[in-house]
Peer 1: 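I'd like to ask some things about the structure below.
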Amino acid sequence: MDPQATAAEPEEQAREARAAQRELFAHAPEFILGSAASFGGSLVGGAQHGVSGGSVGRDVVMGAKTEIHHHGPTGSPAYTSGEIPRERLEAVAEVFVQGPSFAHALRRLREERVLVLRGAHATGRSAAALMLLHRLGGPGVRALQPETSPTALAGQVVHGGGHVLCDMPLSRNKPLRETHLYAARDQLKKSGGHLVITVENSPHLLGADPVVWEPPDAADVLRAHLAARFPATADVDRLLALEPVREFLSHGRRPSEAADLAMGLAAYDGTEQALERLRGFSLASVEKQCRDWLSDSTLSLRDKAFLISLAVFDEAPYVLAAEFADTLFVHFQRLQHPEQPPEIPVFGPAPTDRLDLARAVGEVRGEATDWGPVPQYLARFTEPRMPGALLTEVWTGHPSTRPALVAWLKQLARDGRPLVRTRAAAATALLAAADLPSTVALLVDGWSASPSFGPRVTAANTLTLAHLSGAPVIPQLLSQWCTDGHWARRWTAIRAFALLAPLRPDLAGPALDALSSRARADNSSEAERNNLIESTALLLSAGNRGEMLAELVRLLHLDTPAVRALALAAFTRACDNQEEGSLVEWYAESGVHSPEWTRDISTLWYAALSERAHTREALSALRTWVYVAGRRPEAEHALALLLPTLVRTAADRERLAHVLRTLRAEDDGPRPEVADRLLRAIRPAGAAATAF
């Protein structure tokens with residue numbers, strides 16, 4: 001017997017498989033449990049959604065950052081500063097939709113001459129800045145270099161008309177102060193001009209009073225772009241009513257994404273192929289956003305760490321995403337600058353600003369705990385496919401981050417909070433779906449071979465969720481590990497099979513074959529035998545229970561004594577459970593109506609009660625069923641029909657009668673009345689009640 005396995009036995013006995021199963025599915029993210037879709041690929045219908053060549057007469061949006069590009073004949077220089085052509089402004093005006101704060105911003109610009117427009121990426125703030133100046137009706141609009149220093153603003157606005165400075169980069173060493181705006185305003189009064197500066201949600205606006213840009217609804221933006229291409233209102237309404245379009249707009253899209261979709265809709269010809277391309281556009285835009293976030297050199301390393309952490313803790317308390325974002329930031333700093341000690345700013349952006357960057361929202365909801373629901377501020381991406389796409393992209397598109405991600409996920413897996421450990425497994429499962437060999441080698445293999453219980457559970461959870469996420473060959477891997485030479489890896493595979501089988505009925509047979517094959521071996525430790533029993537019992541926790549009962553009955557008659565013992569021990573353990581969805585509830589609601597299921601469950605009950613090695617556990621499980629029958633009439637009815645089938649001899653009847661006569665209530669009170677009613681169900685024909 002493996003000495004490590006022996007040493008681990010007390011810990012194994014202290015934990016129970018059903019509790020681990022509840023923990024997994026209570027805390028696994030919805031983007032895995034709700035969908036088995038994978039997030040691979042970057043093409044939609046064989047075509048990339050980008051811009052190359054030609055002439056474009058409107059904003060070209062590339063991901064999270066809105067940039068104004070001016071494309072002319074091939075080889076002509078882009079406009080980096082200077083006057084924006086009137087045709088360009090008219091093209092933007094044709095499709096522009098005012099946001100809720102536009103009128104207020106226009107009034108302030110007219111009065112104050114200089115305006116700071118603050119908003120998130122890809123919300124149309126740059127287009128809004130152009131339109132604010134266009135509405136003033138000046139002689140033209142000049143674009144200033146984004147790198148213009150705040151101290152140089154006044155010297156750049158000497159021309160009449162409008163001036164726009166989009167995406168001004170601010171930092172602790174280069175803040176925008178109100179004195180800079182005063183100097184610019186004085187110069188604008190002399191020249192008769194106006195200036196709009198767009199910035200992110202930045203803490204480096206010292207004394208400046210920005211207008212917060214609120215973007216228009218994406219559906220309104222899409223309608224405006226379509227109306228510019230299709231003069232007939234009926235054509236626009238028809239396109240907006242398409243199922244892929246409605247699905248696309250249902251996820252809180254930004255104006256830039258709606259503008260991109262309009263380009264795709266312009267080529268829609270009504271064919272099934274065109275409709276399929278539209279369906280793919282939604283996912284392609286999500287994947288593209290993730291690529292742009294991670295490759296954006298202007299986005300700080302701390303912001304990228306938060307995006308990745310939020311992907312792991314989607315629909316979980318915001319504080320967890322923020323807490324572990326900073327720990328990931330430390331790992332990134334150590335990876336990027338190993339010669340410098342890592343440093344985390346004590347204070348940072350407000351939660352609303354961080355969520356806005358991530359295209360996420362927060363809300364207070366009751367979070368289930370062991371002590372009842374507790375109000376928590378939960379954060380989630382507005383697009384449910386974003387977490388999977390983001391984790392896949394960082395793992396496969398930026399492999400240089402892997403040492404930091406691996407160290408971080410191992411840290412999460414050691415955390416004392418079940419939600420954190422489960423999310424570590426869920427994130428690793430998505431990585432496995434994207435690149436199984438590397439993920440197993442770097443994370444899962446080490447967890448699976450650990451002498452400690454926690455890492456092995458994390459490995460089992462990871463493999464379970466990886467299969468649900470579309471990772472290939474997981475059943476084959478588990479089958480191989482069930483016969484592995486290392487006891488801990490066998491333990492992991494057995495537990496993972498047990499977790500998977502109730503969710504995937506097609507795996508129930510292979511899972512039971514693997515478990516019974518392991519039971520035939522004569523070198524299992526007590527801890528491993530207990531794991532086999534717990535895991536086999538889990539096969540009866542959900543899924544096709546009738547099929548599993550039939551398989552257990554088959555093992556009773558056709559297999560070795562060790563496998564027969566496994567079948568009976570697992571059956572009694574599965575029966576000794578009165579939680580929601582228990583085997584007794586299933587039998588009362590469904591099993592009792594099937595003669596085959598009733599026959600099989602009767603066979604297993606009779607065998608367990610009759611064999612001395614299992615009688616004690618079987619009687620304990622029977623008491624549990626009686627307790628449930630006392631609370632649920634349908635369970636009492638099912639048990640009243642079942643008990644007579646367990647009486648084949650006088651000794652059988654006396655054994656059941658003794659259990660019912662000596663039964664105490666769950667709170668140690670008097671014998672429950674249901675025991676008397678069930679006692680009558682096994683009374684022999686013609687026997688007096690007193691005699692019996």
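Just so it is clear, the values below take in all heavy atoms, side chains as well, and ignore hydrogens, waters and symmetry mates.
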Peer 1: Can you tell me how far the NZ atom of Lys288 sits from the CG atom of Asp260, to the nearest 0.5 Å?
Peer 2: 6.5 Å
Peer 1: Taking only residues two or more places apart in sequence or in another chain, which ones pass side chain to side chain donor-acceptor pair (under 3.5 Å) with Tyr377?
Peer 2: none
Peer 1: Check for a donor-acceptor pair, side chain of Arg246 on one end and backbone N or O of Ala241 on the other, with a separation under 3.5 Å.
Peer 2: yes
Peer 1: When the ring centroid of Tyr268 is compared with that of Phe230, is the distance short of 6.0 Å?
Peer 2: no
Peer 1: Take Leu301 and His337 through the side chain to side chain contact (heavy atoms under 4.5 Å, CB included) test and state the conclusion after the steps.
Peer 2: CA-CA 12 Å; Leu301 200 59; His337 302 290; over 6 Å; no
Peer 1: Output, in order, the C-alpha distance, side-chain angles, deciding distance and verdict of side chain to side chain contact (heavy atoms under 4.5 Å, CB included) for Thr396 and Leu431.
Peer 2: CA-CA 8 Å; Thr396 59; Leu431 306 185; over 6 Å; no
Peer 1: Any donor-acceptor pair under 3.5 Å linking the side-chain atoms of Glu83 with those of His159?
Peer 2: no
Peer 1: Tell me, do Pro150 and Lys174 make a side-chain contact under 4.5 Å, heavy atoms counted?
Peer 2: yes
Peer 1: So which atom in Arg423 and which in His27 form the shortest heavy-atom distance, rounded to 0.1 Å?
Peer 2: NE-O, 2.8 Å
Peer 1: Can you confirm whether Arg223 sits close enough to Leu226 that some side-chain heavy atom of one is under 4.5 Å from a side-chain heavy atom of the other?
Peer 2: no
Peer 1: To the nearest 0.5 Å, what is the distance between CG (Leu409) and CZ (Arg402)?
Peer 2: 12.0 Å
Peer 1: Are any side-chain N or O atoms of Ser469 and backbone N or O atoms of Leu465, one a donor and one an acceptor, separated by less than 3.5 Å?
Peer 2: yes
Peer 1: Say you draw a straight line from NE2 of His331 to CD of Gln336; how long is it, rounded to the nearest 0.5 Å?
Peer 2: 15.0 Å
Peer 1: Any donor and acceptor pair, going by atom type alone, linking the side chain of Arg125 with main-chain N or O of Gly119 inside 3.5 Å?
Peer 2: yes
Peer 1: What are the two closest heavy atoms between Leu335 and Ser400, and how far apart are they?
Peer 2: CD2-O, 3.1 Å
Peer 1: Rounded to the nearest 0.5 Å, what's the gap from CH2 on Trp395 to CG on Leu390? Could you check?
Peer 2: 14.0 Å
Peer 1: Would a distance-only check, ignoring hydrogens and angles, find a side-chain to backbone donor-acceptor pair under 3.5 Å from Thr123 to Pro215?
Peer 2: no
Peer 1: Check whether any side-chain heavy atom of Asp326 sits under 4.5 Å from a side-chain heavy atom of Arg302, and report yes or no.
Peer 2: yes
Peer 1: Which atoms form the tightest heavy-atom contact between Trp293 and Arg359, and what is the distance?
Peer 2: CZ2-CG, 4.1 Å
Peer 1: Can you confirm whether Leu299 sits close enough to Leu357 that some side-chain heavy atom of one is under 4.5 Å from a side-chain heavy atom of the other?
Peer 2: yes
Peer 1: With a 4.5 Å limit on heavy-atom distance, are the side chains of Ser126 and Asp167 in contact?
Peer 2: yes
Peer 1: Examine distances only and state if a side-chain atom of His194 and a backbone atom of Arg113 form a donor-acceptor pair shorter than 3.5 Å.
Peer 2: no
Peer 1: Show your working on side chain to side chain contact (heavy atoms under 4.5 Å, CB included) between Asp415 and Phe324 and close with a plain yes or no.
Peer 2: CA-CA 11 Å; Asp415 195 89; Phe324 287 107; 3.6 Å; yes
Peer 1: If you compare all heavy atoms of Ala424 against all heavy atoms of Leu412, which two are closest, and at what distance to 0.1 Å?
Peer 2: CB-CB, 3.7 Å
Peer 1: How long is the span from the NE2 atom in His163 to the CD atom in Gln187, to the nearest 0.5 Å?
Peer 2: 8.5 Å
Peer 1: Can you find a pair of side-chain heavy atoms, one from Leu195 and one from Leu133, that are under 4.5 Å apart?
Peer 2: no
Peer 1: Using 30° and 60° as the class limits, which term best fits the ring planes of Phe313 and Trp408: parallel, tilted or perpendicular?
Peer 2: perpendicular
Peer 1: Is it the case that atom CZ in Arg185 sees more than 12 heavy atoms from other parts of the structure closer than 6.0 Å?
Peer 2: yes
Peer 1: Determine, for Arg108 against Asp209, whether the closest basic-nitrogen to carboxylate-oxygen distance falls under 4.0 angstrom.
Peer 2: yes
Peer 1: Would you say the side-chain atoms of Arg107 and His104 include a donor-acceptor pair closer than 3.5 Å?
Peer 2: yes
Peer 1: Tell me whether Lys190 is salt-bridged to Asp186, with the criterion being a basic N under 4.0 Å from an acidic carboxylate O.
Peer 2: no
Peer 1: Are the side chains of Asp314 and Pro29 in contact, using a 4.5 Å heavy-atom criterion?
Peer 2: no
Peer 1: What distance separates Asp303 CG from Arg354 CZ, expressed to the nearest 0.5 Å?
Peer 2: 7.0 Å
Peer 1: Please find the pair of heavy atoms, one from Tyr318 and one from Pro351, that lie closest to each other, and give the distance.
Peer 2: OH-CA, 3.4 Å
Peer 1: Can you check whether Leu222 reaches Val245 side chain to side chain, under 4.5 Å on heavy atoms?
Peer 2: yes
Peer 1: Apply side chain to side chain contact (heavy atoms under 4.5 Å, CB included) to residues Val361 and Arg380 and explain how you reach the verdict.
Peer 2: CA-CA 6 Å; Val361 295; Arg380 63 175 176 83; 3.7 Å; yes
Peer 1: Looking at every heavy atom in both Thr392 and Ala434, which two are closest together, and how far apart are they?
Peer 2: CG2-CB, 3.8 Å
Peer 1: Return the set of residues passing ring-ring contact (aromatic ring centres under 6.0 Å, His included) with Phe329 (not counting sequence neighbours), or none when no residue passes.
Peer 2: none
